[in-house]
Amino acid sequence: MTSILFDVFYRSYDNFMKTFRLDDHEAILSQIRALAAKGRLGPPEPFKIADIGGGTGVLAHSLLELGHDVTIIDPAQRMTAIAKERNPRVTVINEALAKVSPEPLYDVIILRDCFHHIADQGPALSKLSQILQDDGLLIIQDFSPNSLRAQLLFTLERCLLEKIYPIPSSDLAAMMARAGFSSTIIRLNSRDYLAIGTKSSKQSTKEKPAEVEQ
């Protein structure tokens with residue numbers, strides 16, 4: 001099915017992101033820098049990062065500049081073609097998440113401003129767990145449905161015939177726990193939040209996620 005936002009207005013997408021102030025990914029980069037500094041995943045080596053719904057590659061470019069190996073997983077071929085133009089070093093898989101091979105395993109998986117576009121969110125988190133190595137990090141940045149700014153964005157997306165499934169941070173944290181992630185919520189502002197999940201084979205899925213204000 002053709003997406004008006006991603007397949008028709010793909011050349012204007014980056015301007016759309018700037019207009020709604022959605023182009024700031026510093027919070028995600030800070031998490032990646034902190035993870036690298038801690039050496040949590042072993043010696044300081046480039047992380048293998050999957051950027052789900054990475055589109056035109058703005059975030060992927062910044063991650064590549066930090067020295068990491070980045071794969072965009074996104075079925076929108078016209079969007080990812082722009083990502084390749086922006087940085088030829090990015091790897092692109094033009095598949096829906098459900099169809100992605102369980103190998104290779106990634107150290108970090110990022111979904112920025114795209115989780116609310118996923119209809120089957122529970123199975124999606126299970127798939128993400130499949131392709132994430134043990135003790136790997138899942139970072140989801142999305143919008144609080146009660147925020148007026150988020151509601152304006154959702155209205156525009158619906159006007160462009162996008163099917164969206166907004167999710168409160170507390171519901172996402174509970175869903176992540178059921179998928180085997182220990183999660184922390186970081187509120188960036190009234191609209192945006194980060195859900196940070198750690199996959200561990202030893203982690204109890206009954207642990208209550210922590211709420212962290214920022």
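Worth knowing before you read on, the calculation uses all heavy atoms, side chains too, and leaves out hydrogens, waters and symmetry mates. Please read these numbers as outputs of a predicted model, since none were measured by experiment.
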Review point. Crowded around Lys127 NZ? As in, over 12 foreign heavy atoms under 6.0 Å?
Key: yes
Contacts of Ala124 meeting side chain to side chain contact (heavy atoms under 4.5 Å, CB included) (sequence neighbours excluded), chain-then-number -> Leu97, Ile118
To the nearest 0.5 Å, atom OG of Ser147 lies from atom CG of Leu153 at 9.5 Å
Correct closest heavy-atom pair for Gly54 and Asp74 would be N-OD2, 3.5 Å
Quick one: does Lys84's side chain have a donor or acceptor within less than 3.5 Å of a partner on Val90's backbone?
-> yes
Residues Ala83 and Gly55: closest non-hydrogen pair is CB-O, 3.5 Å
Show the numbers, then the answer: is there a salt bridge (charged side-chain N to carboxylate O under 4.0 Å, His left out) between Lys199 and Asp134? CA-CA 6 Å; Lys199 174 188 171 182; Asp134 286 347; 3.7 Å; yes
Between Glu162 and Ser3, is any pair of side-chain heavy atoms under 4.5 Å apart? yes
State, with a plain yes or no, whether a side-chain heavy atom of Thr198 is found less than 4.5 Å away from one of Leu137. yes
Donor + acceptor pair across side chains of Glu157, His116 (<3.5 Å) | yes
Arg86 meets the side chain to side chain contact (heavy atoms under 4.5 Å, CB included) criterion, sequence neighbours left out, with Asp14, Thr56, Val58, His61, Ile82
To the nearest 0.5 Å, atom OG of Ser129 lies from atom CE of Met176 at 10.0 Å
CG of Leu132 to CG of Leu105, rounded to nearest 0.5 Å, is 8.0 Å
All heavy atoms of Ile73 vs all of Ala50, minimum pair found to be CD1-CB, 4.2 Å
OG of Ser183 to CD1 of Ile196, rounded to nearest 0.5 Å, is 9.5 Å
Under 4.5 Å between any side-chain heavy atoms of Leu29 and Leu63, yes or no? yes
Checking side-chain contact (heavy atoms from CB on, under 4.5 Å) for the pair Glu103/Ile131: CA distance, chi angles, key distance, verdict? CA-CA 6 Å; Glu103 294 183 356; Ile131 64 175; over 6 Å; no
The reported gap from CG in Asp142 to CZ in Arg112 (rounded to nearest 0.5 angstrom) is 11.0 Å
Hydrophobic clustering (ILVMFWY, side-chain heavy atoms < 4.5 Å, transitive) - are Leu160 and Tyr165 grouped together? no
In short, Asp171 meets Ile167 closest at the heavy-atom pair CB-CG1, 3.7 Å
Check your understanding: Any donor-acceptor pair under 3.5 Å linking the side chain of Asp120 with the backbone of Pro123?
Key -> no
So, Ser144 side chain and Asn146 main chain: donor-acceptor pair closer than 3.5 Å or not?
no
Scanning both residues in full, the closest heavy-atom pair of Ala179 with Ser126 reads CB-N, 4.4 Å
Q | Student check: side-chain heavy atoms of Tyr193 and Leu172 closer than 4.5 Å | A | yes
task: Just do the side-chain contact (heavy atoms from CB on, under 4.5 Å) check on Arg149 and Asn189 with the steps written out, would you?
output: CA-CA 11 Å; Arg149 289 192 298 155; Asn189 50 55; 3.3 Å; yes
Ile28 vs Ile110, test: side-chain contact (heavy atoms from CB on, under 4.5 Å). Steps then yes/no.
CA-CA 8 Å; Ile28 292 175; Ile110 300 170; 3.7 Å; yes
Original post:
Quick one: are Leu22 and Arg191 in side-chain contact, heavy atoms under 4.5 Å?
Top reply: yes
Check: Would Leu125 and Arg178 count as a side-chain contact (heavy atoms from CB on, under 4.5 Å) if you check the C-alpha gap in whole Å, the side-chain angles of each, and the deciding distance to 0.1 Å?
Finding: CA-CA 9 Å; Leu125 286 169; Arg178 290 194 293 272; over 6 Å; no
Side-chain donor-acceptor pair present, Gln141, His25, cut-off under 3.5 Å: no
- Would you tell me whether Asn94 and Thr80 have side-chain atoms, one donor and one acceptor, within less than 3.5 Å of each other? yes
Assess, by modelled atom type and distance only, whether the side chains of Arg187 and Ser169 contain a donor and an acceptor separated by less than 3.5 Å.
yes
Inset, instruction - Tell me, yes or no, whether the heavy-atom count around Glu26 atom CD, taken from other residues, nucleotides or ligands under 6.0 Å, exceeds 12. - result: yes
- prompt: In this structure, are over 12 heavy atoms from other groups packed under 6.0 Å from Arg78 atom CZ?
  reply: no
Subject >> Heavy-atom side-chain contact between Ile139 and Ile109 under 4.5 Å >> reply: no
Per side chain to side chain contact (heavy atoms under 4.5 Å, CB included), Lys48 is matched among Thr71, Val108, Asp107, Thr91 by Asp107
Evaluate whether atom CZ of Arg21 has more than 12 neighbouring non-hydrogen atoms of other residues, nucleotides or ligands under 6.0 angstrom away. no
So Leu111 and Leu138, do their side chains get closer than 4.5 Å, heavy atoms only?
yes
Here the gap from Leu188 atom CG to Asp24 atom CG, rounded to the nearest 0.5 Å, amounts to 8.5 Å
What I'd like to find out is whether the side chain of Gln133 reaches to under 4.5 Å of the side chain of Tyr106, using heavy atoms alone. no
Do the ring centers of His68 and Phe47 come within less than 6.0 Å of each other? yes
Applying side chain to side chain contact (heavy atoms under 4.5 Å, CB included) to Pro145 and not counting sequence neighbours gives Pro166, Pro168
